[in-house]
Amino acid sequence: MSSDKKSNELDTNPAPDPQAPITRKGFLISLKNSGTPMPIPEQNVYGRCRPVSEFEKLNRVGEGSYGIVYRARDTRSGEIVALKRVRMDQEKDGLPVSGLREIMILKRCQHENIVRLREVVVGKSLDSIFLVMDFCEQDLASVLDNMSQPFTESEVKCITLQVLRALKYMHDRYIIHRDLKVSNLLMTDKGCIKVADFGLARLFGDPPKPMTPQMVTLWYRAPELLLGSRTHTTSIDMWAFGCILGELLLGKPLLPGTSEIAQLDMIIDLLGAPSESIWPGYKDLPAVQNFTFSQQPYNKLKTKFQMLGPGGRSLLHSLFIYNPSTRGTAEDCLNSKYFTEPPQPCDPRMMPTFPQHRNNIAPPQPPTSADIPISHLLDVFIKRQRLE
Ligand SMILES: Nc1ncnc2c1ncn2[C@@H]1O[C@H](COP(=O)(O)OP(=O)(O)OP(=O)(O)O)[C@@H](O)[C@H]1O
């Protein structure tokens, strides 16, 4: 989709202003130094994307806040793929940042436990853009919703090891996912787990930049985010990973809060109240004044997860550390005794298969056509992100 020549040409230009508008007609980059808009030369504006009419939509498998996902057949190759329509509702001018970010980050990620972005295709106009991804038969949310008994511990280890490998890969590349939850963990019929939905993912710098605290679905949201911290580190993904591990073991959500206050209360009920000695500086977080912390003193992880051996308990404890700077990392977790103490993780190919409940969601929609390429817009966006 991108061309090295184009990116090299862009490399020689002064840094673009990240606030400059992305327009439907093309990219106008206003230069930070001169303030002069720099039009992209006509011959470089468009690459080539396939039209979505080359895909036969079979059924809808999911709909989230940022897009609708279809199971579809590529009529050229006959392969079954996932088509994620990028939601444009609130965009008056250009592509939504979440969609562009997802494309940019997925393009950087090549790992067997991260969903593969094959290409980007377009509908009648830039109003409809679709990500073509490898199709995964299940997501863990619908599996959990429809299973009669929880995963065995061997299966939980098999799943979580794969998630940890994806997390280590991302975190090593300065990518924070920021929306880890069971519905964003996909599973193929060969038991391979793929982390999906990078619409909220961000590259982080050193030192980390301030970001919006309302990230991460409530049930998986780390206490520092609930208390208004604007510094996001990879440890927010690790907290979410702890919630996922707990959910897989219990077969139900671990901390299903209904509001931010209820969420914090549930965390304190499970782990005991935070204190300056275990989390130095937490009292300075912006939203601390809005909460009255209950003085529950006990950590109840051991009682709640009686099925776990010492390795498993110690892994959970390391993930549910209040202080984000001492919370376990993906690498620490991969080296946890949990994965070597019995029972052993099962081979992914031995994972059970499940009925595909998502295929019953909705009838197919008529395909749209046309051939309006967007690759250049994407390349420039990617370039901007690197420069930011
Ligand atoms: N590659 C894929 N293969 C199969 N199903 C997929 C694929 N990608 C997404 N889905 C399904 O679509 C659902 C929504 O996808 P996704 O999470 O990417 O959208 P979203 O709008 O960003 O959602 P959210 O509201 O959770 O942020 C997933 O939970 C999953 O069921």
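Read the numbers this way: they start at 1 and go in the same order the structure lists the ligands and their atoms.
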Discussion item. One thing to verify: whether Arg118 and Glu79 come together as a salt bridge, which I'm taking to mean a side-chain N less than 4.0 angstrom from a carboxylate O.
Written reply: yes
Worksheet item: Is Arg50 salt-bridged to Asp74, going by a charged N under 4.0 Å from an acidic O?
Response: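 Yes, Arg50 and Asp74 are salt-bridged.
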So if I count the atoms of ligand 1 from 1 in the order they appear, which ones are less than 4.0 Å from some heavy atom of [X]?
{"X": "Asp179", "result": "27 (O)"}
{"X": "Phe135", "result": "3 (N), 4 (C)"}
{"X": "Ser183", "result": "28 (C), 29 (O)"}
{"X": "Val115", "result": "1 (N)"}
{"X": "Gly62", "result": "12 (O), 13 (C)"}
{"X": "Asp134", "result": "1 (N), 2 (C), 3 (N)"}

Fill in: Proximity winner for atom 18 (O) of ligand 1, if only heavy atoms of Arg60, Glu137, Arg116, Lys84 are counted
Lys84
Item to complete: Please work out whether the ring planes of Tyr282 and Trp279 are parallel, tilted or perpendicular, with thresholds of 30° and 60°.
Response: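 The rings of Tyr282 and Trp279 lie parallel, inter-plane angle below 30°.
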Worksheet item: Where does the angle between the aromatic ring planes of Phe130 and Tyr70 fall among parallel (under 30°), tilted (30 to 60°) and perpendicular (over 60°)?
Response: tilted
Region of [X] that comes within reach of ligand 1 [heavy atoms, distance under 4.0 Å]:
{"X": "Ala82", "result": "side chain"}
{"X": "Lys181", "result": "side chain"}
{"X": "Asp197", "result": "both"}

Discussion item. Salt bridge (Lys or Arg N to Asp or Glu O under 4.0 Å), that's the test. Do Lys181 and Glu247 meet it? Break it down for me.
Written reply: CA-CA 10 Å; Lys181 53 183 172 181; Glu247 184 164 348; over 6 Å; no
Worksheet entry | Criterion ring pair (Phe, Tyr, Trp, His ring centres under 6.0 Å) on Phe320 and Trp239, from CA distance to verdict | CA-CA 6 Å; Phe320 288 123; Trp239 180 278; 4.9 Å; yes
Discussion item. Check this for me - ligand 1, Cys136, N or O atoms closer than 3.5 angstrom, yes or no?
Written reply: yes
Item to complete: Before signing off on this row, confirm whether Glu102 and ligand 1 have an N or O atom pair separated by under 3.5 Å.
Response: no
Discussion item. Can you confirm whether Phe293 is buried at CZ, in the sense that more than 12 heavy atoms of other residues, nucleotides or ligands lie under 6.0 Å from that atom?
Written reply: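 Count over threshold, so yes.
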Item to complete: Would you check if Val195 and His177 make a side-chain contact, meaning some heavy-atom pair closer than 4.5 Å?
Response: yes
